[in-house]
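Below: the structure, in structure tokens.
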Amino acid sequence: MSLKNEYLLSVYETVKKRNGNEPEFLQAVEEVLSSLEPVVERRPEIQEKGIVERLVEPERMIQFRVPWVDDNGKTQVNRAFRVEFNSAIGPYKGGLRLHPTVNASVIKFLGFEQIFKNALTSLPMGGGKGGSDFDPKGKSDGEIMRFCQSFMTELYRHIGPDTDVPAGDIGVGGREIGFMFGQYKRLTNTFTGVLTGKGLEYGGSLFRTQATGYGLCYYTQEMLKHLCNTSFEGKTVVVSGSGNVAIYAAQKAMELGAKVVALSDSSGYVYDKDGIKLDVVKQIKEVERARISEYANRVSGAEYFDNCRNIWSIPCDVALPCATQNELDEEAAKTLIKNGVMCVAEGANMPCTQEAVAQWIENKIPFGPGKAANAGGVACSGLEMSQNSMRYSWTFEEVDEKIHGIMKNIFANGYAASKEYGFDGNMVIGSNIAGFSKVCDAMLAQGIV
Ligand code: NDP
Ligand code: 2IT
């Protein structure tokens with residue numbers, strides 16, 4: 001759907017004028033605004049109270065310097081951000097990304113998406129995101145720790161268990177969260193649930209490691225059932241990336257009867273026609289922190305190819321992009337469609353370009369947008385916050401069951417909204433409207449703030 005409504009167009013023009021050099025942020029805003037026309041036309045109070053103008057402007061954006069000393073004694077300086085985008089329905093909540101491509105545009109696109117994603121989970125969490133252009137690749141544990149401590153030495157004053165609760169994202173997993181938590185505790189002399197994705201020994205939730213990938217498959221299962229009248233059983237699946245989301249998406253897809261034939265990293269991809277062996281992948285990625293190319297050296301019959309984008313040339317029934325933004329473009333979408341793909345769901349945030357999304361919609365390929373399909377991670381974070389507040393912990397099975405229920409609801413609510421507004425099965429429009437409506441109602445109730 002294109003942006004035709006006059007009010008939405010004028011808001012978008014202002015966003016473009018103010019943030020002209022932030023392409024990822026503009027892309028995310030345009031996608032959401034393009035879905036909102038039917039709601040804006042039905043509910044005049046949205047325009048009267050300036051809801052969309054307020055939504056697209058972060059409540060607060062923090063940028064800071066992170067100085068640290070590398071193993072050679074050299075001083076390094078990185079740039080870091082935290083965007084506190086919207087707190088209408090709860091404390092700011094969202095991950096931290098450590099990757100050389102991080103800049104204001106990337107953090108703002110992620111923070112903006114997070115507002116609607118968190119609303120879709122039905123848990124009380126506002127939208128935020130943060131990170132730094134620090135590159136964790138090849139760094140020693142000591143360097144990672146010194147960076148994380150320096151990063152938290154500034155960030156701690158802006159966050160808190162009832163204010164803003166960061167978590168992991170690309171380049172931030174259990175190790176980094178541990179270093180950051182330790183520094184926060186030391187600086188504030190408090191032991192609180194200020195971060196999620198913590199280790200199990202100090203307040204973490206069982207299932208957080210699996211949550212995003214498993215949740216993605218629970219959501220995809222609903223799509224396959226309701227939009228394709230089938231299941232994962234016997235399907236061929238391609239998963240891009242080989243990090244936290246990709247590994248556990250692959251694991252759950254296999255448990256549900258699919259064959260996963262490929263994984264990638266930013267250098268290239270591996271193809272294993274017999275089905276990826278996940279124990280080998282976990283050893284390479286989680287234990288050795290090595291490259292996915294190593295897989296082909298260890299598994300006979302597996303092949304490695306340079307250029308990760310060509311992973312989409314492998315014929316499959318279900319495509320789950322789980323690496324990074326804009327990794328699947330129009331050409332890749334056309335190839336997947338030509339090869340018979342029946343369902344696509346985003347484990348990563350905004351991995352499909354706008355042109356790729358247009359291909360799914362035009363060709364009626366059921367498509368699950370990231371803010372709905374990958375919400376299992378942040379939903380589990382929300383449950384971790386509840387467990388911390390109660391000073392209690394649920395079992396793996398209890399959390400798994402709750403996340404399964406939440407993912408089913410996210411699909412059901414998005415699907416219902418798509419039908420209510422006359423776009424039956426368009427999960428982009430349905431999810432955007434369902435997430436937006438909740439945030440909008442909370443903003444209306446709280447006055448012009
Ligand atoms: P990880 O750091 O664990 O893994 C990232 C994976 O993506 C790696 O395989 C990495 O390869 C690959 N990758 C990163 N950048 C690029 C790039 N520019 N081109 C190709 N491949 C790339 O991160 P996660 O698995 O946690 O995150 C993956 C995606 O899922 C991100 O979009 C993230 O925002 C999203 N997400 C994560 C959630 C979570 O709970 N962790 C929750 C919801 C969404 P390499 O090693 O070569 O860099
Ligand atoms: O993009 C995401 O939803 C995440 N990286 C998880 C955020 C969180 O707070 O768990």
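Order of listing sets the numbers, starting from 1, for every ligand and every atom in it. Just so it is clear, the model here is predicted, and its values are computed rather than measured.
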Give me the nearest non-hydrogen protein atom to [atom] as residue plus atom name, then the distance to 0.1 Å.
{"atom": "atom 3 (O) of ligand 2", "result": "K117 NZ, 2.8 Å"}
{"atom": "atom 17 (C) of ligand 1", "result": "T324 CG2, 3.3 Å"}
{"atom": "atom 27 (O) of ligand 1", "result": "I170 CG1, 3.6 Å"}
{"atom": "atom 7 (C) of ligand 2", "result": "G95 N, 3.5 Å"}
{"atom": "atom 5 (N) of ligand 2", "result": "D169 OD1, 2.9 Å"}
{"atom": "atom 15 (N) of ligand 1", "result": "H99 NE2, 3.6 Å"}
{"atom": "atom 4 (C) of ligand 2", "result": "K129 NZ, 3.7 Å"}
{"atom": "atom 6 (C) of ligand 2", "result": "R208 NH2, 3.5 Å"}
{"atom": "atom 6 (C) of ligand 1", "result": "G243 N, 4.0 Å"}
{"atom": "atom 39 (C) of ligand 1", "result": "T212 OG1, 3.4 Å"}
{"atom": "atom 48 (O) of ligand 1", "result": "K137 NZ, 3.0 Å"}
{"atom": "atom 13 (N) of ligand 1", "result": "A323 CB, 4.1 Å"}

Nearest to [atom] by heavy atom, [options]: which?
{"atom": "atom 41 (N) of ligand 1", "options": "I292, N244, N349, L216", "result": "N244"}
{"atom": "atom 46 (O) of ligand 1", "options": "R291, R208, R97", "result": "R291"}
{"atom": "atom 11 (O) of ligand 1", "options": "S266, S381, P351", "result": "S266"}

Which atoms from ligand 2 have a heavy atom of [X] less than 4.0 Å away?
{"X": "S381", "value": "8 (C), 9 (O), 10 (O)"}
{"X": "A167", "value": "8 (C), 9 (O), 10 (O)"}
{"X": "K93", "value": "8 (C), 9 (O)"}

Under 4.0 Å from any heavy atom of [X], which atoms of ligand 1 are there?
{"X": "G347", "result": "30 (O), 35 (C), 36 (N), 44 (C)"}
{"X": "S242", "result": "9 (O)"}
{"X": "G171", "result": "2 (O)"}

Just checking, any donor-acceptor pair under 3.5 angstrom between side chains of [X] and [Y]?
{"X": "N78", "Y": "W68", "result": "yes"}
{"X": "S132", "Y": "R79", "result": "no"}
{"X": "Q27", "Y": "Q354", "result": "no"}
{"X": "N349", "Y": "K371", "result": "no"}
{"X": "N307", "Y": "Y269", "result": "no"}
{"X": "N326", "Y": "T353", "result": "no"}
{"X": "R291", "Y": "S267", "result": "yes"}
{"X": "E24", "Y": "Q325", "result": "no"}

For this session: Look at atom 44 (C) of ligand 1 and say whether a protein heavy atom is found at less than 4.0 angstrom from it.
Result: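 Within 4.0 Å: yes, protein heavy atom nearby.
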Q.
Run the ring-ring contact (aromatic ring centres under 6.0 Å, His included) test on F85 and Y92 for me, step by step, so that the C-alpha distance in whole Å, both residues' side-chain angles and the decisive distance to 0.1 Å come before the verdict.
A. CA-CA 7 Å; F85 224 116; Y92 309 106; 9.5 Å; no
Would one find more than 12 heavy atoms of other residues, nucleotides or ligands at under 6.0 Å from atom [atom1] of [X]?
{"X": "R186", "atom1": "CZ", "value": "no"}
{"X": "E59", "atom1": "CD", "value": "yes"}
{"X": "Q63", "atom1": "CD", "value": "yes"}

Query - ligand 1 versus N374: contacting region, heavy-atom distance under 4.0 Å - result: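 N374 to ligand 1: contacts from backbone and side chain alike.
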**OP:** Tell me which part of C322 gets within contact of ligand 1: side chain, backbone, both or neither, using heavy atoms under 4.0 Å.
**Re:**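 Looking at C322 and ligand 1, just backbone atoms fall under 4.0 Å.
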Fill in: Pi-cation contact, Y214 with K252 (under 6.0 Å, within 45°)
yes
**Message:** Any atom of ligand 2 sitting under 4.0 Å from a heavy atom of P166?
**Reply:**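 False for this residue.
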Residue-ligand contact Q114/ligand 2, heavy atom below 4.0 Å:
yes
So is N374 polar-close to ligand 2, meaning N/O to N/O under 3.5 Å?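 Among all N and O atoms of N374, none is under 3.5 Å from an N or O of ligand 2.
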Check: Under 3.5 Å between some N or O of ligand 1 and some N or O of D265?
Finding: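 So ligand 1 has no N or O lying under 3.5 Å from an N or O of D265.
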Problem - Within the 6.0 Å centroid threshold, strictly below: F134 and F151 - result: no
Looking at S87 and G126, would you say the former's side chain and the latter's main chain have a donor-acceptor pair under 3.5 Å? no
With heavy atoms and a 4.0 Å threshold, my read on which part of T212 contacts ligand 2 is neither
Practice prompt. Would you please classify the geometry between the W394 ring and the Y392 ring as parallel, tilted or perpendicular, with 30° and 60° separating the classes?
Written response: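 Plane angle over 60°, so perpendicular.
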